[in-house]
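Inspection log for the structure reproduced underneath, given as structure tokens.
It should be emphasised that the depicted structure is a prediction, and the values quoted were computed from it without experimental measurement. The chain is numbered in sequence order, starting from 1.
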Amino acid sequence: MGKFMHDNPLVSHSEVNRRHYSLTAVAVGLGLGVAGLCKVLYGGLSIPWVSPRNLLLGSGRVYYVGGLRNLGNNCFLNVILQALASCDSFVSFLDNLLATDGLPPEEKAEKMPLLLALSSLLEDLSIVRDERIVLNPHGVMQALSFYVSHFNLTRQQDASEAFLHLLISLRDEFSHCYVPHRSSLADITLSHSKVYKQREGNQPECKRWKQNLFGPFDGTIGSILSCRNCSSVLSLDFQNFQCLPLSPVLNTNRDITSGCSLVDCLKYFTVVEHLDNYRCDRCWHITAAKYLSLKSEADEAKVTKLNTCVDYGTCSCRGMFPQEEIPCSSSSRATKQLIVSQCPKILCIHLLRASVNLDGEPIKLQGHISFPLLLNLSPFVGDASSTEQGPGPLAMNVQRDGQQALHLYRQLNIQMSLNAIPTGGNSVHMANADVASSSSSSSQPLPSSSRSKLYGLSAVVEHYGKCGGGHYAVYRRVASNPDPDDPGQPLAGLGKRWFYISDGHVSEVSEDDVLGAEATLLFYERL
């Protein structure tokens with residue numbers, strides 16, 4: 001056996017092996033310790049491993065979509081870019097903006113760098129390839145930084161904020177380049193008169209402005225305040241939105257309710273609030289008019305003024321009475337309700353998971369919120385009182401509705417006619433008639449008003465970790481593109497498929513994987 005000497009170190013083979021094993025054990029132990037420390041520090045950050053199933057079809061070819069390189073904590077922007085690439089209406093919207101005749105082609109690169117960079121990247125992300133590729137979002141990030149210098153794109157940020165910053169920056173960029181065709185007030189307002197006639201071959205300026213500056217994510221929320229005593233609408237306010245914020249339904253412990261769904265969140269958003277002890281100005285006018293009418297010497301002019309006044313809250317009707325004779329009306333009961341007054345082409349929903357605990361510290365609300373593949377927004381649009389007593393909203397979930405719903409959803413995805421709409425359970429509702437789930441069931445067409453509010457799921461953004469840190473990934477739906485070997489035909493066997501994308505990692509997943517995600521952002525596109 002060899003011995004260790006200062007001048008000539010000789011070590012036996014068994015001792016060498018023992019030392020190698022010891023070093024390996026120390027390295028493994030340190031690795032596990034660091035991993036455990038990171039887990040504690042980041043609040044249980046856990047990114048589930050999605051099985052890397054390749055998209056292997058009957059043709060024997062494997063297909064992929066492009067991933068995005070992480071340039072330093074920019075996963076929050078990568079998921080937004082991937083989600084936008086799945087929204088066909090948004091890609092078409094960008095193409096229409098680039099085709100506008102407001103600028104010569106040589107000036108577009110200088111004055112619209114964000115639009116050009118974003119359109120080019122989304123086009124690349126929309127291509128289905130037969131090889132893996134990781135694209136670089138540097139061009140979009142550099143162009144976006146011109147407009148949001150206060151929003152650091154290389155630090156951890158909120159994906160919903162990045163989404164809104166991107167849309168606002170696009171609008172600002174294009175609005176500075178927008179050139180109206182004409183400056184006539186009649187042309188802009190579309191006012192018809194004897195002296196104005198729309199010029200043939202020219203698109204109305206108002207319609208052109210709306211197409212270019214009113215994007216596919218733009219919708220409108222209405223707020224209605226009504227008095228239940230006099231049945232009058234006290235106020236009607238409207239506010240534009242590009243991302244609809246919805247709060248989860250919480251239990252008594254301030255946790256997400258078990259079984260909470262997107263439909264529950266929409267119901268909670270549009271629920272009627274009852275306001276007691278409300279001072280209604282119209283009720284006061286009615287009371288004051290009755291008070292004057294009952295007096296022996298009634299002043300008809302004052303009664304008429306009270307009955308015809310419409311400037312409640314700002315009128316001078318109270319000045320008609322001496323201070324000691326001002327009649328008092330009883331407290332009124334009022335209701336307040338939010339509705340979606342105008343539906344966008346693409347509905348982006350932000351599930352608000354950020355909250356605070358009893359100590360005022362920011363926390364993230366954990367828990368699954370189920371969401372459908374197909375959503376009908378009509379119960380929450382217009383007169384939202386139907387959300388209390390009318391039929392429930394359409395929410396088709398493959399896990400719940402079975403193969404009949406799955407077949408219908410896939411038919412809708414390939415632009416088939418909307419003939420039968422499942423509404424949940426084990427039956428399909430067709431023209432208010434319950435029909436058992438069978439392929440031979442007859443159907444009636446869905447009303448056109450409901451079709452315009454029917455949305456299909458395009459992308460799901462999921463966040464792992466705690467507030468202020470963690471990682472974003474996205475599930476996105478991808479359609480086929482023309483086969484390069486035969487441009488007139490789509491890629492063999494490739495229809496609507498779902499991919500899980502975490503920066504540069506891309507793998508095909510099932511619809512069940514998508515529906516099991518703990519969503520933070522949902523992208524629905526109108527069918």
Side-chain angles (χ1 to χ4, degrees), residues 34-50 68 70 72-83 151-166 241-269 347-372 457 459-476 500-503 505 509 512-524:
V34 172
L37 179 61
C38 291
K39 182 177 180 64
V40 172
L41 291 177
Y42 287 92
L45 172 61
S46 175
I47 303 176
W49 174 255
V50 180
L68 286 173
N70 193 318
N73 296 323
N74 64 300
C75 60
F76 64 91
L77 182 61
N78 285 348
V79 294
I80 296 300
L81 296 174
Q82 292 283 5
F151 192 72
N152 195 328
L153 296 173
T154 58
R155 295 185 61 184
Q156 292 182 343
Q157 302 284 3
D158 184 76
S160 62
E161 291 185 36
F163 169 69
L164 294 176
H165 279 308
L166 181 60
F241 75 91
Q242 295 169 320
C243 183
L244 186 64
L246 297 181
S247 299
V249 181
L250 306 180
N251 56 26
T252 55
N253 296 325
R254 305 299 297 170
D255 296 324
I256 296 178
T257 304
S258 177
C260 179
S261 67
L262 177 61
V263 171
D264 295 330
C265 298
L266 284 167
K267 287 182 178 179
Y268 183 71
F269 181 76
L347 177 64
C348 177
I349 296 176
H350 181 201
L351 297 175
L352 303 175
R353 292 183 176 270
S355 183
V356 293
N357 59 18
L358 296 178
D359 297 326
E361 299 173 343
I363 61 172
K364 175 186 173 182
L365 296 175
Q366 304 283 353
H368 183 251
I369 301 174
S370 62
F371 50 91
L457 186 65
V460 180
V461 173
E462 187 172 16
H463 177 262
Y464 309 105
K466 64 177 184 178
C467 285
H471 180 69
Y472 283 100
V474 62
Y475 298 85
R476 56 168 292 201
Y500 173 85
I501 304 174
S502 175
D503 291 331
H505 170 76
V509 295
D512 289 340
D513 293 328
V514 177
L515 296 174
E518 288 196 10
T520 297
L521 290 172
L522 296 168
F523 290 80
Y524 283 92

Passes side-chain contact (heavy atoms from CB on, under 4.5 Å), Y472 versus N74? Steps please. CA-CA 9 Å; Y472 283 100; N74 64 300; over 6 Å; no
Check K364 against H463 and note the closest heavy-atom contact, atom names and distance. NZ-O, 2.7 Å
Got a second to check how far L351's CG is from S160's OG, nearest 0.5 Å? 10.5 Å
Considering residues at least two apart in sequence or located in another chain, which fulfil the side-chain contact (heavy atoms from CB on, under 4.5 Å) criterion with I363? S355, N357
Which residues pass the ring pair (Phe, Tyr, Trp, His ring centres under 6.0 Å) test with H165, sequence neighbours left out? H150, F151
For E462 versus A517, what's the shortest heavy-atom pair and its separation? OE1-CB, 3.6 Å
C75 vs Y464 side-chain heavy atoms within contact, under 4.5 Å: no
Is there a side-chain contact between V474 and V460 in this structure, where contact means two heavy atoms from C-beta onward sitting under 4.5 Å apart? no
Where do L457 and F371 land on the side-chain contact (heavy atoms from CB on, under 4.5 Å) test, with the steps shown first? CA-CA 9 Å; L457 186 65; F371 50 91; 3.7 Å; yes
Show your reasoning for whether side-chain contact (heavy atoms from CB on, under 4.5 Å) applies to E518 and I369. CA-CA 6 Å; E518 288 196 10; I369 301 174; over 6 Å; no
Identify the residue among I501, D503, L521, V461 that makes a side chain to side chain contact (heavy atoms under 4.5 Å, CB included) with V79. V461
Partner set under ring pair (Phe, Tyr, Trp, His ring centres under 6.0 Å) for F523, not counting sequence neighbours: F163
Residues L250, I256; criterion side-chain contact (heavy atoms from CB on, under 4.5 Å); working and verdict: CA-CA 4 Å; L250 306 180; I256 296 178; 4.1 Å; yes
No-hydrogen, no-angle side-chain donor-acceptor test under 3.5 Å, H350 and T520: no
Can you see which heavy atom on V249 is nearest to which on C260, and at what distance? N-SG, 3.7 Å
So which atom in Q366 and which in R353 form the shortest heavy-atom distance, rounded to 0.1 Å? C-NH1, 4.0 Å
With no hydrogens and no angle check, is any side-chain donor or acceptor of N70 less than 3.5 Å from a backbone partner on G72? yes
Of all residues at least two apart in sequence or in a different chain, which pass the side-chain hydrogen bond (donor to acceptor under 3.5 Å, both in side chains) check with D264? S261
Nearest heavy-atom contact between R155 and N152 is CD-ND2, 3.3 Å
Are V263 and Y268 side-chain neighbours, meaning at least one heavy-atom pair lies under 4.5 Å? no
Y475 ring center within less than 6.0 Å of Y500 ring center: yes
Hits for side-chain contact (heavy atoms from CB on, under 4.5 Å) against L164, two or more places apart or cross-chain, chain-then-number order -> Q242, C243
For L365 against R254, the heavy-atom pair lying closest together: CD2-O, 3.6 Å
Do L262 and L522 come close enough that some side-chain heavy atom pair is under 4.5 Å? yes
Just wondering, do L68 and Q82 contact through their side chains at under 4.5 Å, heavy atoms? yes
Could you work out, with side-chain contact (heavy atoms from CB on, under 4.5 Å) as the rule, every residue matching D255, not counting sequence neighbours? N251, N253
How long is the gap from CG on L266 to CG on L244, to the nearest 0.5 Å? 7.0 Å
